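Here is the structure we will look at.
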Amino acid sequence: MNHSEEKRIQKKKRTGYNIYGIRDSLFYLLAALACAVILIALADLMVSGWPLMTRVVLYVVILAAAAAAAVAFGKSSQAQVEAYRRQEGFEFIGLYDLADAQLTDSSDILSREEEAHYLSAVLENLIFRQTGIKQALCLTGRSGCGKSTILSFFKKEYREQYQIYDFTGYYYNFEAALAEMLGSDPEQRLQQECREKKVIFILDQFERFFFLPPEKRERMRELMIRVSRKNTAMILSMREEYLADFMKEFDVNNMKRDNRQGTAALPMGILNNLTSVIRDDVKNYHVIRRQQQNVFREWKGMSVKENFLTHLDTVGGYLETTTVDPVGNTIFYCENQNDAPGGKADKGIILENKCERLFGERGQEYFAKHREEPLIEQQIIFHMAEYEKKTKQRPEDEVRELLRLEEYELLEHYFDTQLAATGDYYDASRILYLLSQARINQMVLKREDLEYGLFENQFSRDGHRKVNDVIECLEDLQLLRKNIRRSDQEYEIAHDFIAQAFLSYSSSNLDRNVRSALDLFMAEMRDTNRQAYMEEKRRYNEKAQKSRYYAVVGIVAAVAAAAAQLILTAAANPWDSIWAAWNVYGDVTTVLPMLVMLTSMLYMYQVYQKVLQYCRGRRERQCRVIYLILMAGAVLGVVFYPYGMMFFGIFLAVMGLNCVFLLDGSYQKSSRKELQNYGWKCSLIGIAYAVLHVLFFLFNEVFPVYYVFIEMVMMFLLIGYSFIAHMTREYLYGRRMDAGSERVR
């Protein structure tokens with residue numbers, strides 16, 4: 001693995017501290033100059049006796065060094081990360097959407113022609129011949145085992161022979177899609193088409209049926225029953241964990257009836273039939289199995305000769321006909337085997353052969369290491385190595401180093417690279433986390449839900465544009481896709497394997513504050529009984545975002561603090577006259593107290609603007625009053641600059657106590673605990689600073705210069721730590737959601 005690229009990826013993963021809605025390059029420059037000014041003010045305390053020109057040169061050097069560092073850091077943060085993308089002519093496809101039929105012609109896709117031919121044989125021998133019943137052909141297996149690949153090959157091979165309708169992307173609007181494909185009278189149109197050509201309905205990834213609202217599921221079930229007729233067939237695929245849910249909803253052996261309406265002859269308690277029986281005397285379903293070749297069996301006076309199990313539907317009336325349909329197994333489990341067609345040993349193993357061609361003698365070793373992994377995971381891992389070798393032209397030892405990593409390390413590197421390549425690791429990771437949680441919890445997130453969960457305007461007015469750009473990048477990288485074709489109203493994770501793998505990845509790579517906030521949001525979304533609460537919360541958040549109270553008060557206070565400093569410096573300073581007896585700074589004149597107060601005011605503004613105002617209005621007045629007091633106190637801290645450290649400590653403690661007692665028992669327990677812990681820390685640190693200043697005062701009528709220097713350094717270190725630890729998107733985002741999340745009752 002290339003170490004320079006790994007460093008670029010890690011830099012992209014760092015969200016940084018630009019929460020002010022300005023370009024990164026400008027932010028780095030302003031931040032560097034602000035730090036330089038603070039450093040110059042601190043240095044001025046210690047070098048005040050130096051010659052003027054020497055001090056000027058020193059200050060210029062500090063400013064130039066800060067500007068150079070900002071430019072260098074800005075360039076390093078703009079370094080692009082190259083994503084793993086599918087390449088024509090590769091042995092391995094990686095992660096890609098197989099909905100495009102042309103992809104099946106590529107050499108990097110494992111052929112599934114034999115499986116497609118077998119499905120056609122089942123359709124011809126069983127399902128198309130059925131009239132009294134209509135079995136569904138169902139593919140199931142692990143996530144990533146190749147079900148969609150088989151169906152892609154089937155559509156390619158038989159698009160001329162059959163009339164194939166693929167409804168995979170239309171579950172939410174199934175009725176509209178059916179009308180679009182078959183006209184305003186689908187049943188009449190279907191009856192006509194069935195006379196000319198056999199019709200197949202494909203519903204890939206059918207587990208998404210269970211994500212639908214109850215009324216949508218009921219309507220789709222009715223339509224599926226209506227289109228199950230002569231010369232039609234229905235092919236479904238779903239993950240193995242959804243097979244039981246499917247059998248509770250549908251009778252796979254007879255799609256013409258509703259499995260939920262069955263009645264048992266004997267009491268069954270909590271038991272429920274998952275596979276519908278063909279023989280059922282109550283419903284007149286029977287089975288006659290041939291015992292040997294060309295042997296006729298009699299049933300109620302009629303002879304039956306058939307090589308399959310046979311379904312006979314007796315209607316019981318004199319001279320009435322009896323429907324005889326062939327039946328058989330139509331549920332097939334994909335074993336995730338990658339053998340050549342027919343599994344013949346002399347043909348070898350396809351993936352193993354590809355690995356040997358690509359990686360030489362070690363190819364067999366690499367294949368054996370990942371042989372038991374899902375097919376999609378194998379494709380991703382080997383594609384990464386092939387991409388490193390062919391496209392990036394890495395040396396063999398770097399490729400070997402990559403393949404020696406464990407499975408979780410390879411997937412971590414994959415997600416690191418793909419998310420960093422979007423240019424916005426923070427939003428990309430949040431989007432994938434929400435969609436992964438939605439898939440696991442059988443939910444569909446509308447675009448407005450996704451935008452609200454991301455709270456895209458929290459850090460800038462045009463944040464939604466950045467989110468849209470990231471969504472397009474993730475779609476281009478095949479990590480997510482539109483849930484409804486030709487519509488950008490809903491998105492979903494590209495694959496169940498990606499959802500599961502990313503949730504494992506996020507446990508160690510996504511900031512716990514962000515993860516906790518997103519979990520709270522998803523918990524609220526899952527609770528369908530809280531719709532009124534969610535709407536009230538949305539409305540309040542929109543109102544809070546438009547409010548300019550904290551910004552206006554902060555700006556007024558900052559201007560007042562600067563004006564007070566100007567008056568003290570250039571006009572009249574009472575600490576040199578009427579308050580001289582209480583001036584512990586003596587003749588020391590410095591702008592450090594003002595700089596301390598301005599930076600602390602900016603810090604408090606961020607906490608109130610992006611965290612504490614989202615309490616849905618319950619404590620809005622309290623927070624506004626306390627914030628006004630804090631800003632006024634900051635101005636007083638500049639006026640009473642010899643005691644600035646005491647003022648700083650007192651008002652830091654006030655802000656902390658506000659956080660401690662802000663949330664009551666109606667909010668999430670984890671939210672209260674997090675905010676209370678933060679508040680207690682602020683309070684204790686603030687009290688400690690105020691007490692320390694008082695102790696200095698008790699033993700010194702006038703502070704020596706190094707006392708003043710120590711006080712200022714201590715305060716700047718605390719403020720610097722606070723910004724680095726708390727003024728990040730991860731921290732503010734987590735606290736914002738915590739302060740707005742009600743306890744689930």
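Keep in mind that what you see is a predicted model, and the values were worked out from it rather than measured.
A salt bridge links Glu218 with Arg221: the closest approach of a Lys/Arg side-chain nitrogen to an acidic carboxylate oxygen falls below 4.0 angstrom. Look at Glu492 and Arg208 and you find a salt bridge, because one of the NZ, NE, NH1 or NH2 atoms lies within 4.0 Å of a carboxylate O, short of that distance. Look at Glu240 and Arg142 and you find no salt bridge, because none of the NZ, NE, NH1 or NH2 atoms lies under 4.0 Å from a carboxylate O. At a threshold of 4.0 Å, the pair Lys248-Asp245 counts as salt-bridged, since one of the basic side-chain nitrogens sits closer than that to a carboxylate oxygen. Classification of Arg430 and Asp427 as a salt-bridged pair holds, one side-chain N sitting under 4.0 Å from a carboxylate O. Between Arg481 and Glu475 there is no salt bridge, since no side-chain N of the basic residue sits under 4.0 Å from a carboxylate O of the acidic one. A salt bridge is defined here as a Lys NZ or Arg NE, NH1 or NH2 lying under 4.0 Å from an Asp or Glu carboxylate O, and Arg217 with Glu249 meets this definition. A salt bridge between Asp416 and Lys12 is absent, with no side-chain N of the basic residue lying under 4.0 Å from a carboxylate O of the acidic one. Between Lys147 and Asp204, none of the side-chain N atoms (NZ, or NE/NH1/NH2) sits under 4.0 Å from a carboxylate O, so this pair counts as no salt bridge.
Judged purely by atom type and a 3.5 angstrom limit, Thr422 has no side-chain atom pairing as donor or acceptor with the backbone of Gln418. A donor-acceptor pair is defined here as one N or O able to donate and one able to accept, closer than 3.5 Å; no such pair exists between the side chain of Lys198 and the backbone of Tyr162. Of the possible polar contacts, one joining the Glu386 side chain to the Glu91 backbone as a donor-acceptor pair under 3.5 Å is found.
Side-chain contact check for Gln192 and Arg189: no donor-acceptor pair (N or O, by modelled atom type) lies under 3.5 Å. In the model, Tyr118 has no side-chain atom that pairs as donor or acceptor with a side-chain atom of Glu114 under 3.5 Å. For Asn231 and Lys197, the side-chain atoms include no donor-acceptor pair closer than 3.5 Å. Using modelled atom types, one finds a donor on one side chain and an acceptor on the other under 3.5 Å when comparing Tyr84 with Glu388.
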Kindly determine whether Glu407 and Lys369 satisfy salt bridge (charged side-chain N to carboxylate O under 4.0 Å, His left out), including the steps that lead there.
-> CA-CA 9 Å; Glu407 171 200 359; Lys369 180 179 179 181; over 6 Å; no
